[in-house]
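Each chain gets a letter, A, B and so on, in the order the sequences are listed, and its residues count up from 1. Basis for what follows: all heavy atoms, side chains included, without hydrogens, waters or symmetry-related copies.
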Amino acid sequence: MSERWVLALADDGRGALLVPVDGAGRPLGDAVREPDLVAAVRERPEVYRWVWRSTAEVYPRLLAAGVRVERCYDIEDAEQLLLAHEGRLGEPRSAAAAWARLQQRPVPPDPPQRAAEPGSQSSLFEPGPVHVPLEGLLEVYADQLRRHAGALHPGRMRLLTAAESAGMLIAAEMNAAGLPWSAAVHKQVLHELLGGRYAGGGEPRRLAELADEVSAAFGRRVRPDLPADVIKAFAQAGIRIRSTRRWEIETLDHPAVRPLVEYKKLYRIWVAHGWSWLQDWVRDGRFRPEYLPGGTVTGRWVTNGGGALQIPKVIRRAVVADPGWRLVVADADQLEPRVLAAISGDPGLTEVAGRPDDLYQAVSDRAFSGDRDAAKLAVLGAVYGQTSGDGLKNLALLRRRFPRAVAYVDDAAREGEEGRLVRTWLGRTSPPAAGAEEQGEAGIPMLPEEGATEGARGAAATDLGGGEAGADEWVPGYASTNSRARGRFTRNFVVQGSASDWALVLLAALRRATAEMAAELVFFQHDEVIVHCPQEEAEAVVEAIGAASLEAARIVFGETAVRFPFSTAVVECYADAK
DNA sequence: AGTTTCGGCGCC
DNA sequence: AAAGGGCGCCGAAACT
């Protein structure tokens, strides 16, 4: 009933070798050779988890033939997570490398990552990495299962690799589905914003007009897209600026400011999401970016080409559901502070995050006399490591009411400054400080002593429980610029990364909940998901999102009181969701 | 000529 | 005194 099979592609590139395994990865019987990968999988619906080298290698072929699988285990993705957890991130992560390490053979370096071509059919035609036979995959898989047992929290580590493997399936399915995209609407938006294009290329009319206005304001020809030119022009007008960033330009009193800022905004649309982007990335009414789960160190996804995670708000008008279908746009409310409540166990913040109300308002009622903006700045400052201006004052107020939450991120920052590794809730581990080995700047990266760190953290948090504000405030001391930057990184890492952990499990739960529907997951952006579904299914999808949120909270954080509410909108056009 | 870095801004 | 995390994308500038 719950069968687990390990599958290796045959070296003819079409067939497969496969064998059922037990819970420790030991083969149950002889391997089977099948002439056709797709048929081999399709004919075994009873298989509960497919174990393979790389989802990106196998699954697009199955999807192209209309075959979906319930679960998988991606060996190379797990290798990456396990190596990081073991503090060995620099070592090659390929299955071939892992096998070579086990056999004490020379370890091959990882093949270089190739950038995606616009509209390319993902990894289907990429040059294959070093082939690893079934025998090798079996050895590596069994070893990885053992290594999970050696993790700081084995159960969480197993959940992490399972969730990331689910993410690999979802990414491949989203790549195959594509985001519904109306080229006609996109062109209309571009025309409204930028005006027509001149024959023979060059910038569109509106940009040319704005550039002329900028030049007129300076009394000489200035190219607004060249920072050096703009800085020189302002200098000649008697205004010294350090950069041409918008927030700096906007403080100036000069007639060039308005057209310059407008130019920068539209220029950005033109170069990043203009006509050539449309040409490159949209085909047959779908935008197909190539999602890479775990593409960032914190576990957030990236896309390889197309800039799918940076679609400007105005361009979202082009995301339009098929006729009779809807987009269910679901956005997790204040995800990171809620995650901080769950991982730190701070009683006050957990209480605040245990309700679906606006979290920043609740925080401000308790610690900021109802000043929501101050509360939000303080929370984000604590998570991002802001330590200047009002941030410091606000942080002190936050610390008084939510000491354990602030201590949690402060601890992470200190560990980073000391050159240590930090981990997310499920065990995703920060990379070592760059160049730490050579320079000794931040010391040799080392793993926290297992158990000791958590004990110390728990004790510190307890001590702070009733303390006065600032009584045990962490002071950066003599930390260098580099190590402070490192501290900001690790401070953010534990929160952003744990949020990624949770979001992955949420996605997997949502995928399972919608498996029998016509609905398809078409977009995922850190804390936001879009489901494309027939209009009649929309309400069921909204319900499924709520249920998946509860399930993800329970699976990831256990019996926490923290809730993760979503704002959901059922719309025909993405731009109407907010 | 080809490759890498920088500046700026889009998203979270 | 200064002190803001993670990404991708583009063209220009700075390299080799």
Practice task
Using chain A heavy atoms and a threshold of under 4.0 Å, write down where along DNA chain B the contacts begin and end, 5' to 3'.
Solution key: B/dG7 to B/dC12
Exercise for the section: Mind calculating the distance between CZ (A/R242) and P (C/dA2) to the nearest angstrom? Expected result: 11 Å
Using a cutoff of under 3.5 Å, can you pull out all pairs of nitrogen or oxygen atoms linking the protein to nucleotides 10-12 of chain C, with atom names and distances?
residue, atom, partner, partner atom, Å
C/dA12, OP1, A/R223, NH2, 3.3

Practice task
Scan A/Q525 against the nucleic acid and name what it touches under 4.0 Å (heavy atoms): base, sugar-phosphate only, or nothing.
Solution key: sugar-phosphate
Practice task
Give one of base, sugar-phosphate or nothing for A/R245, where a contact means two heavy atoms less than 4.0 Å apart.
Solution key: sugar-phosphate
Handout entry: Residues A/S567, A/D333; criterion side-chain hydrogen bond (donor to acceptor under 3.5 Å, both in side chains); working and verdict
Key = CA-CA 7 Å; A/S567 296; A/D333 300 326; 2.7 Å; yes
Fill in the blank from the handout: A/L335 CG to C/dG6 C1', in whole Å, measures 14 Å
Exercise for the section: Would you mind classifying the nucleic acid contact of A/V297 as base, sugar-phosphate or nothing, using non-hydrogen atoms under 4.0 angstrom? Expected result: sugar-phosphate
Exercise for the section: Compare the ring of A/Y384 with the six-membered ring in the base of C/dG5 and state whether they stack (centres under 5.5 Å, planes under 30°). Expected result: yes
Exercise for the section: Would you please confirm or rule out a distance under 4.0 Å between OP1 or OP2 of C/dC7 and any side-chain N or O of A/R300? Expected result: no
Practice task
Kindly determine whether A/S54 and A/E76 satisfy side-chain hydrogen bond (donor to acceptor under 3.5 Å, both in side chains), including the steps that lead there.
Solution key: CA-CA 6 Å; A/S54 157; A/E76 293 196 339; 5.1 Å; no
Problem - Sole candidate of A/R156, A/R423, A/R428, A/R300 that passes salt bridge (Lys or Arg N to Asp or Glu O under 4.0 Å) when paired with A/D501 - result: A/R428
Practice task
In whole angstrom, give the distance that lies between atom CD of A/E336 and atom C1' of C/dG5.
Solution key: 8 Å
Practice task
Take atom C1' in B/dC9 and the same atom in C/dG4, then report the distance between them in whole Å.
Solution key: 16 Å
Practice task
Give the rounded distance in Å between these two atoms: CZ of A/R491 and P of C/dG4.
Solution key: 11 Å
Exercise for the section: Could you tell me whether A/I269 contacts a base, only the sugar-phosphate backbone, or nothing, with contacts defined as non-hydrogen atoms closer than 4.0 Å? Expected result: nothing
Practice task
Return the set of residues passing side-chain hydrogen bond (donor to acceptor under 3.5 Å, both in side chains) with A/T244 (not counting sequence neighbours), or none when no residue passes.
Solution key: none
Exercise for the section: Could you check how far NE2 of A/H273 sits from P of C/dG8, rounded to whole Å? Expected result: 13 Å
Practice task
May I ask you to say what A/G306 touches in the nucleic acid, namely base, sugar-phosphate or nothing, with a heavy-atom cut-off under 4.0 Å?
Solution key: sugar-phosphate
Exercise for the section: Using a strict cut-off of less than 4.0 Å between a Lys/Arg side-chain nitrogen and an Asp/Glu carboxylate oxygen, indicate whether A/E209 and A/R206 qualify as a salt bridge. Expected result: yes
Exercise for the section: Using the test salt bridge (charged side-chain N to carboxylate O under 4.0 Å, His left out), find all partners of A/D373 that sit at least two apart in sequence or belong to another chain. Expected result: none
Handout entry: Residues that A/H254 engages under ring-ring contact (aromatic ring centres under 6.0 Å, His included), provided they are two or more places apart
Key = A/F218, A/F234
Handout entry: Sole residue of A/E203, A/E213, A/R223, A/R258 in side-chain hydrogen bond (donor to acceptor under 3.5 Å, both in side chains) with A/Y263
Key = A/E203
Handout entry: Salt bridge A/D410-A/R404, side-chain N to carboxylate O under 4.0 Å
Key = no
Handout entry: Separation of C/dG5 P from A/F489 CZ (nearest whole Å)
Key = 11 Å
Handout entry: Whole-Å gap separating P (C/dG4) and CG (A/L380)
Key = 14 Å
Exercise for the section: Using side chain to side chain contact (heavy atoms under 4.5 Å, CB included) as the criterion, list what pairs up with A/K232, not counting sequence neighbours. Expected result: A/R220, A/Q236
